[in-house]
K.L.:
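One structure, as structure tokens, below. Some questions next.
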Protein chains: 2
Amino acid sequence: MRTPLSAVPKSIVSDPKKLSAKTAAILDGAMQEFLAHGYTDTSMDRIAAAAGVSKATIYSHFQDKADLFTAIIQRLAEHKFSTFFDPRDAHALQGEPRLVLRQLTGKMYEQALQDTQFCEFMRLIIGESGRFPELAKPYIENIAKPFIQALSAYLESRHELRLKDPEATARTLMGTMIYFIMLQEMLHGREMLPMSPERMVDNLIDLIVPK
Amino acid sequence: MRTPLSAVPKSIVSDPKKLSAKTAAILDGAMQEFLAHGYTDTSMDRIAAAAGVSKATIYSHFQDKADLFTAIIQRLAEHKFSTFFDPRDAHALQGEPRLVLRQLTGKMYEQALQDTQFCEFMRLIIGESGRFPELAKPYIENIAKPFIQALSAYLESRHELRLKDPEATARTLMGTMIYFIMLQEMLHGREMLPMSPERMVDNLIDLIVPK
DNA sequence: GTCTATACATCGATAGAC
DNA sequence: GTCTATCGATGTATAGAC
């Protein structure tokens, strides 16, 4: 029924170890600028300056601005894929449900707060998914899909939870956390509509794990 | 404890009936273009053409492009506020929980699908909240806050649910639905990661309403 | 108030020297 | 491969006629 975890696609972009110094500098500079200012507000001049190369050099490594941008997003999806939640990190999804779920949600919230790039990345994915429809693919394949599949597999394995639909439950956990982070951190709901992450997590666990 | 519903702010922009024909045309044209192409990819020339006025006329009614954009967002937040979910529509939140919650979630999903402007609006709010930090305010005040408050008030009123934290539960419902819509409709998860809205809603209700 | 015409800046992309 | 210099297009915003 479910797709096995081995179906998770391997690296899309080139192996970092095979990148030239210039290419790596361009990718790093572009990542920094795109995350800070978005797509259209990031000029090729800014990227060139941030990367320490000339603009023409960028065009000798990438076809155009859109090509460089999509390369960045794919690169970030891989990077965030492994830090936001790595399904290969299987031992994190073993053990007593209340403990596992608390550890998992805590990890999500912490990383969203500590790594400011995460919110900017989500902003970019959603904001530019109209202009770049193919942009969502690396996010879904490398982040959303592995997370949902690994979590639903865990929920399904814990028979004492007696969940009728583990995948739907996994999506509820992910949606609750992501929207909470969006509302509180990205849309400044922290001040206008206060709510502690502890209350959210406690309640979420109470909803999923029967008393 | 909770803010009473009467504290929901009234209209921020001018009364539509007091707008001149030109101003209304500009607002409508700008709304159409901003929703279709985003902020930076919408030029003042395009807005002028869509509104059927000259570019100079726009600048006689609005200070600059950013001013026009924020006016549009505030206008949309009011409009969507009443269509996405109107807390004044109180009779929608009365009755048996399973029925009420099914009706509410169904309404959310239907409107997101039927009104294509809703997804574009969400994309704009999130995507441009970096450039325009004050942009999130109309969304939170007019959409998120009234929804959460009205739903948590209802959940609290149904004592048979025995919810320890009605507001956190209300946020879980909203987050589940919004992220589901984002993933499936905006990020093309419908094809890459299929999931029916019926399964999501059924499971969500089972989590909230005890058997 | 509304228009046409334009000033001025900046962008993506490239030509050509080295 | 990498650079400097530049082209052509397009953007925001405004001046000035009506």
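Not measured: the values here are computed from a predicted model. Below, chains carry the letters A, B, ... as their sequence lines are ordered, and counting in each starts from 1.
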K.L.:
Using heavy atoms to find the nearest nucleotide of DNA chain D for Asp41(B) and Asp45(A) separately, return the residue whose nucleotide is more 5′.
P.N.:
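That would be Asp45(A).
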
K.L.:
Between Ser60(A) and dG1(D), does any side-chain N or O lie under 4.0 Å from OP1 or OP2?
P.N.:
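No, outside the criterion.
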
K.L.:
Is it true that, when you exclude Arg199(A) itself, more than 12 heavy atoms of the residues, nucleotides or ligands shown sit nearer than 6.0 Å to its CZ?
P.N.:
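Yes, the 6.0 Å shell around CZ holds more than 12 heavy atoms from other groups.
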
K.L.:
What's the CD1-C1' distance between Ile58(B) and dT14(D), to the nearest Å?
P.N.:
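After rounding, the reported distance stands at 14 Å.
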
K.L.:
Tell me which nucleotide among dC11(C), dT4(C), dA13(D) gets nearest to the side chain of Lys65(B).
P.N.:
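Within the option list, the nearest is dA13(D).
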
K.L.:
Going from CD1 on Ile208(B) to CG on Leu207(A), what distance comes out if it is rounded to the nearest 0.5 angstrom?
P.N.:
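That separation rounds to 6.5 Å.
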
K.L.:
Kindly assign one of parallel, tilted or perpendicular to the pair Tyr39(A) and Phe132(A), based on the angle between their ring planes and the thresholds 30° and 60°.
P.N.:
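Rings of Tyr39(A) and Phe132(A): perpendicular, over 60°.
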
K.L.:
By the 4.0 Å heavy-atom rule, please label Lys22(B) as base, sugar-phosphate, or nothing.
P.N.:
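Sugar-phosphate contact only.
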
K.L.:
From C-beta outward on Val53(A), which listed nucleotide comes closest to its side chain: dC3(D), dC3(C), dT12(D)?
P.N.:
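So the nucleotide nearest the side chain must be dC3(D).
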
K.L.:
Within this structure, what is the CZ-to-P distance between Arg46(B) and dT10(D), rounded to whole angstrom?
P.N.:
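Those two atoms, CZ and P, are 12 Å apart.
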
K.L.:
Rounded to whole angstroms, how far apart are OH on Tyr39(B) and P on dG11(D)?
P.N.:
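Spelled out: OH on Tyr39(B) to P on dG11(D) is 13 Å.
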
K.L.:
Side chain of Met44(B): nearest nucleotide among dT12(D), dC3(C), dA15(C)?
P.N.:
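Selected nucleotide (nearest to the side chain): dT12(D).
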
K.L.:
Using a cut-off of 4.0 Å on non-hydrogen atoms, how would the nucleic acid contact of Thr23(B) be classed: base, sugar-phosphate, or nothing?
P.N.:
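Answer is nothing: Thr23(B) stays at 4.0 Å or more from every strand.
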
K.L.:
Rounded off to whole Å, could you give me the NZ-to-P distance for the Lys55(B) and dG1(C) pair?
P.N.:
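Rounded to whole Å, this separation is 21 Å.
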
K.L.:
Check the distance between dA13(D)'s P and Ile47(B)'s CD1 and give it to me in whole angstrom.
P.N.:
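Roughly 11 Å, once rounded to whole Å.
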
K.L.:
Check whether any side-chain nitrogen or oxygen of Tyr59(A) sits under 4.0 Å from OP1 or OP2 of dT14(C), and answer yes or no.
P.N.:
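No, Tyr59(A) has no side-chain N/O under 4.0 Å of OP1/OP2 on dT14(C).
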
K.L.:
Looking at Lys65(A), I'd like to know if its NZ atom is crowded, meaning that more than 12 non-hydrogen atoms belonging to other residues, nucleotides or ligands lie closer than 6.0 Å.
P.N.:
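Counting neighbours around NZ of Lys65(A), more than 12 heavy atoms of other residues, nucleotides or ligands fall under 6.0 Å, so yes.
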
K.L.:
Between Glu33(B) (CD) and dG11(D) (P), how many Å, whole number?
P.N.:
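Atom CD in Glu33(B) sits about 12 Å away from atom P in dG11(D).
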
K.L.:
Nearest to the Ser54(B) side chain among dT2(D), dC3(C), dA13(C), which nucleotide is it?
P.N.:
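Closest of the options to the side chain of Ser54(B): dC3(C).
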
K.L.:
Whole angstrom is fine here: how far is it from CZ in Phe62(A) over to C1' in dA13(C)?
P.N.:
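The answer, rounded to whole Å, is 16 Å.
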
K.L.:
Can you tell me if the side-chain N/O atoms of Thr57(B) get under 4.0 Å from OP1 or OP2 in dT2(C)?
P.N.:
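No, because none of the side-chain N or O atoms of Thr57(B) sits under 4.0 Å from OP1 or OP2 of dT2(C).
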
K.L.:
Between His61(A) and dG1(D), is there a side-chain N or O to OP1/OP2 distance below 4.0 Å?
P.N.:
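Answer is no, no contact under 4.0 Å.
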
K.L.:
Taking the basic N atoms (NZ, or NE/NH1/NH2) and the acidic carboxylate oxygens, is any pair closer than 4.0 Å for Arg123(B) and Glu120(B)?
P.N.:
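Between Glu120(B) and Arg123(B) there is a salt bridge, with a charged N closer than 4.0 Å to a carboxylate O.
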
K.L.:
What nucleic acid atoms does Thr42(A) come within less than 4.0 Å of, heavy atoms only: base, sugar-phosphate, or nothing?
P.N.:
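Touches sugar-phosphate only.
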
